[in-house]
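Structure first, commentary second.
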Amino acid sequence: MVRTSTFALNDATLPYIAALADKGWKLALADDKRLRDGLNVQDGAITRPAVGAGGPWPEPQDCGAGARCLKANVVS
């Protein structure tokens, strides 16, 4: 069962990994909405409203590639 699950996971994720490796993350996300929908944080900005829900965030703004960002303070 574990072996079959591993193959299924590899089959599901390999196209995304290949796109990221071949195109770089910016172009891969620009070309694929499903991959772009998986981006939660970019350059210290929350890109998915559900991730930032409940926080005192300002209104979303355009952050490129069709994504909307909620700027947040990032502690490193």
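FYI, side chains are in, hydrogens and waters are out, and symmetry mates aren't considered; it's all heavy atoms of this structure.
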CA sep, side-chain torsions, deciding dist, call: R36, D31, side-chain contact (heavy atoms from CB on, under 4.5 Å): CA-CA 8 Å; R36 187 170 54 249; D31 287 350; over 6 Å; no

Minimum heavy-atom distance between A19 and A28, given as atom pair plus value: O-CB, 3.7 Å

Nearest heavy-atom pair of R48 and N40: which atoms, and what distance? CG-OD1, 3.1 Å

Test side-chain contact (heavy atoms from CB on, under 4.5 Å) on D22 and L27; report intermediate values, then the result. CA-CA 9 Å; D22 292 342; L27 183 56; over 6 Å; no

Before you tell me yes or no, could you show the steps for D37 and D32 under side-chain contact (heavy atoms from CB on, under 4.5 Å), namely the whole-Å CA-CA distance, both residues' side-chain angles and the distance that decides it to 0.1 Å? CA-CA 9 Å; D37 285 347; D32 189 333; over 6 Å; no

Using the rule given for side-chain contact (heavy atoms from CB on, under 4.5 Å), can you reason through T47 versus V41, listing the C-alpha separation, both sets of side-chain angles and the distance that settles it, and then say yes or no? CA-CA 5 Å; T47 61; V41 178; 5.8 Å; no

Hydrophobic clusters here meaning ILVMFWY residues chained together by side-chain heavy-atom distances under 4.5 Å, can you tell me if I17 and W25 are in one? no

